[in-house]
Amino acid sequence: SYEYDNIFYLNTNRKFLEHIINNRTYRDEDKINRLFTGNDDELFLHYFVKGLLEERNGQYEQALGYYKLSEKHCFISTGNFFFSFVQLRVAMAGVYYKLGEESNALKMIDEAYAYAEEKDYQDQMIALTNMKKSGVYVQDSMDLPLKNHTLEEIDELIEKGSVYTQYQDMKNQIEFISIWQNILEINDKTKEELIQTAANSFMLNFNLDSCIFIKFYEDSANILFSDGSVDLTNRDIDILRDYFEKSKAGFVTAKIDKNYDDYKKILDIFGMDVLCSIVCNPFFENEKLDSLFISCIYMKTNWSIESYRYLLNENEATIFNLLLRQLLLAIDKIENMNKIKQINDALKASSYTDYLTGLKNRNGFYEKVHKCIEDSKAAGESLSLAILYIDLDNFKYYNDTFGHDVGDLVLKEIAQILKESVGENGFAIRYGGDEFLIVLLNSNKEEAMATAKMTLDTILLKNGFVSEI
């Protein structure tokens, strides 16, 4: 058991270190902002400690080599420079003394003293002055205010601090849930606007590096949101669908978890080597995968970045599940409202439109004329209308002789002729059974008569629509 735990611990550290080492290969020190992408804090400590170990073993040349390597990262790293610079210069001075290079040792001490003086580090200035004389750096020890406290008291304080931190986390979550409810208030949002706003707020609140929302259909899938950090292929989506339809459950894992490698098939899609933790929240409808949310946090290349969240756990997975289910309900509500609106629009259109010919009916005629009048008033313009009345003679003959299918065909042919006659100058109406109107906008009597004659001539040329029948 101990051996297994040790192997697991070392393997976990290897995963983290591989990320840092691999990242160095692609680093361009002239272009990359090291505050967010460097690993200099870690690398400084790595080489500095190796130098200390070599010095302890009497390998002074090797120790100096490691100190020089750490020096490079010390100057790059701004996070711990205030502490590391003097310590490094003291260590290098000590090695130079042991190598008999007193001038270099004094140079190191002078540089350390100048920095300590600049920062007004009085204790370090005294210790450095004494080092110049004795070759040994001795800094007075400081009295720690904790020395009069027992371990039990310290443990109690740590526990209280932990409880306070949990309280703050819970408070923040409650505040975000309140904000989340406001985000999901539909009002006039489109589905796309709701998803975009909700997903961005979700990522910001939980400090996520990546978030993807996929909607699944019978034979296809649609990515409704992606921050763009991962380009999913069709094969990737098929792998996700197949995995979650078989497992019927989501998961959360992190690089330090023992079950991390169990999800390799999924993690490879999102970059297993650089992935720090991931939460997958699938949702099902009638045993079929309906939608999938994937939230990721990636390895940070510098742990001094001002972000406190690196590992997602079961608590986040549960909260994610609750919040995302609410988002799905809000999306369903929008889609249902859109369907109802489409039905109402269709019903409204049918009350103003003749289903057979597609022309406006009698109600549509009154509505259209009223709109024309109101529009002209609003624009401060005059309006004149020419209305042509068309009644089909002997139309009953077609119905009685050839049947209503033929009668319907004739009505549709007439409607098409009227639409072509009026063009953009007005509109045609089916006013009753075999009664039609042509409404011409801002036309004089002569233009109206010309349209009437052209329409009649076109109908007569059809020769009773014999060829169509």
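Because the structure is predicted, anything quoted here is derived from the model rather than measured. Starting from 1, each residue takes its place in the sequence as its number.
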Practice item. Check the pair V422 / T451 against side-chain contact (heavy atoms from CB on, under 4.5 Å), numbers first and verdict last. Key: CA-CA 7 Å; V422 72; T451 300; 5.8 Å; no

Point to revise | Candidate pair C211 and I294, rule side-chain contact (heavy atoms from CB on, under 4.5 Å), full reasoning | key: CA-CA 6 Å; C211 184; I294 301 167; over 6 Å; no

Practice item. Walk me through it: do I297 and L311 pass the test side-chain contact (heavy atoms from CB on, under 4.5 Å)? Key: CA-CA 7 Å; I297 291 180; L311 302 177; over 6 Å; no

Exercise for review: Determine, step by step, whether I212 and V230 satisfy the side-chain contact (heavy atoms from CB on, under 4.5 Å) criterion, reporting the C-alpha distance in whole Å, the side-chain angles of both residues, the deciding distance to 0.1 Å, and the verdict.
Suggested key: CA-CA 8 Å; I212 296 176; V230 178; 4.0 Å; yes

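Although no hydrogens or angles enter the test, the distance criterion places a donor-acceptor pair under 3.5 Å between the side chain of D209 and the main chain of Y298. In this structure, E193 contributes its side chain and T190 its backbone to a donor-acceptor pair below 3.5 Å. In terms of modelled atom types and a separation under 3.5 Å, the side chain of N321 and the main chain of A317 share no donor-acceptor contact. Counting only distance, with no hydrogens or angles, the side chain of K189 and the backbone of I183 share a donor-acceptor pair below 3.5 Å. Distance alone, capped at 3.5 Å, is enough to place a donor-acceptor pair between the E316 side chain and the N313 backbone. S351 contributes a side-chain N or O that, together with a main-chain N or O of K348, makes up a donor-acceptor pair within less than 3.5 Å. S247 contributes a side-chain N or O that, together with a main-chain N or O of A249, makes up a donor-acceptor pair within less than 3.5 Å. Remark: the backbone N or O of A254 is paired with a side-chain donor or acceptor of D257 at under 3.5 angstrom. Under a 3.5 Å cut-off, the side chain of K255 and the backbone N or O of M272 do form a donor-acceptor pair.
No side-chain heavy atom of S201 sits less than 4.5 Å from a side-chain heavy atom of N205. For the pair L312/F206, no side-chain contact is recorded, criterion being any heavy-atom separation below 4.5 Å from C-beta on. Looking at heavy atoms from C-beta onward, L208 lies out of side-chain contact with C296 at the 4.5 angstrom threshold. Between L289 and F283, the closest side-chain pair of non-hydrogen atoms is not below 4.5 Å. In this structure, the side chains of L275 and I278 come closer than 4.5 Å at one or more pairs of heavy atoms. Looking at heavy atoms from C-beta onward, L323 lies in side-chain contact with Q326 at the 4.5 angstrom threshold. Using a 4.5 Å heavy-atom cutoff, the side chains of K360 and E367 are in contact. Taking 4.5 Å as the limit, some side-chain heavy atom of C280 sits within range of a side-chain heavy atom of F244.
Taking all atoms of both residues into account, the shortest heavy-atom contact from F270 to L232 is CE2-CD2, 4.2 Å. Closest of all the heavy-atom pairs between E111 and F85 is O-CE2, 3.7 Å. N442 and E447 make their closest contact through O-OE1, 4.2 Å (heavy atoms, listed as atom of the first residue, atom of the second, distance). Here the shortest heavy-atom pairing between A112 and V86 reads O-CG2, 4.2 Å. Minimum interatomic distance between K264 and D268 (heavy atoms only, all atoms of both residues): NZ-OD2, 2.7 Å. In terms of heavy-atom proximity, L194 sits nearest to A330 at CD2-CB, 3.8 Å.
Residue C74 holds its SG atom at 13.0 Å from CG of L69, rounded to the nearest 0.5 Å. The distance from the CG atom of L327 to the CG atom of N281 is 11.5 Å, given to the nearest 0.5 Å. Distance check, rounded to the nearest 0.5 Å: CG of L128 to CE of M108 gives 12.5 Å. With rounding to the nearest 0.5 Å, the separation of CD in E192 from CD1 in I334 is 8.5 Å. Separation of atoms CD1 (I414) and CD1 (I390) is listed at 9.0 Å; rounding is to 0.5 Å. We find the CD1-CE distance between I319 and M170 to be 8.5 Å, quoted to the nearest 0.5 Å.
Between Y263 and F251, the two ring planes are parallel [angle under 30°; tilted spans 30° to 60°]. Taking the six-membered ring where the residue is Trp, F176 and W180 present tilted rings, their angle falling between 30° and 60°.
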With a cut-off of 3.5 Å and sequence neighbours excluded, list every side-chain donor-acceptor pair involving residues 372-387.
{"residue": "D375", "atom": "OD2", "partner": "K371", "partner atom": "NZ", "Å": "2.9"}
{"residue": "S376", "atom": "OG", "partner": "C372", "partner atom": "O", "Å": "3.3"}
{"residue": "S376", "atom": "OG", "partner": "I373", "partner atom": "O", "Å": "2.7"}

Output a table of donor-acceptor pairs, distance under 3.5 Å, between side-chain atoms of residues 428-441 and any protein atom two or more places apart or on a different chain; print 'none' if there are none.
{"residue": "R430", "atom": "NE", "partner": "G432", "partner atom": "O", "Å": "3.1"}
{"residue": "R430", "atom": "NE", "partner": "G433", "partner atom": "O", "Å": "3.2"}
{"residue": "R430", "atom": "NH1", "partner": "D354", "partner atom": "OD1", "Å": "3.2"}
{"residue": "R430", "atom": "NH1", "partner": "D354", "partner atom": "OD2", "Å": "3.3"}
{"residue": "R430", "atom": "NH2", "partner": "G433", "partner atom": "O", "Å": "2.8"}
{"residue": "Y431", "atom": "OH", "partner": "Y366", "partner atom": "OH", "Å": "3.0"}
{"residue": "E435", "atom": "OE2", "partner": "Y389", "partner atom": "OH", "Å": "2.4"}

Please list every donor-acceptor pair under 3.5 Å in which a side-chain atom of residues 151-163 meets a protein atom from a residue at least two apart or in another chain.
{"residue": "E153", "atom": "OE1", "partner": "H149", "partner atom": "ND1", "Å": "3.3"}
{"residue": "E153", "atom": "OE1", "partner": "T150", "partner atom": "N", "Å": "2.9"}

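Listed by chain and residue number, nothing satisfies the ring pair (Phe, Tyr, Trp, His ring centres under 6.0 Å) test with F427 (two or more places apart in sequence, or in another chain). In this structure, E245 has no salt bridge (Lys or Arg N to Asp or Glu O under 4.0 Å) partners at least two apart in sequence or on a different chain. Evaluation of the side-chain contact (heavy atoms from CB on, under 4.5 Å) rule for K171 yields Y167, Q168, E175 as partners, not counting sequence neighbours. Residues passing the side-chain contact (heavy atoms from CB on, under 4.5 Å) test with E54 are Q59, Q62, A63, Y66, sequence neighbours excluded. Residues passing the side-chain contact (heavy atoms from CB on, under 4.5 Å) test with N363, sequence neighbours excluded: Y352, N361.
Applying the ring pair (Phe, Tyr, Trp, His ring centres under 6.0 Å) test to pairs two or more places apart or on separate chains, those with a residue in residues 209-228 are F213-F293. Residue pairs satisfying the salt bridge (Lys or Arg N to Asp or Glu O under 4.0 Å) criterion with at least one member in residues 215-240, sequence neighbours excluded, are listed as follows: K215-D290. The list of salt bridge (Lys or Arg N to Asp or Glu O under 4.0 Å) pairs with a residue in residues 113-122, not counting sequence neighbours, is empty. Residue pairs meeting the salt bridge (Lys or Arg N to Asp or Glu O under 4.0 Å) criterion with at least one partner in residues 409-428, sequence neighbours excluded, do not occur; the list is empty.
With no hydrogens or angles considered, a side-chain donor-acceptor pair links Y67 and E55 at under 3.5 Å. Counted by atom type alone, E185 and N182 present zero donor-acceptor pairs between their side chains at under 3.5 Å.
Annotation for K246: atom NZ does not count as buried by contact number, only 12 or fewer foreign heavy atoms lying within 6.0 Å.
Aromatic rings of F81 and Y115 (six-membered ring for Trp) have centroids within the 6.0 Å cut-off, being under it. Side-chain rings of F82 and Y121 stay apart, their centers remaining 6.0 Å or farther from each other.
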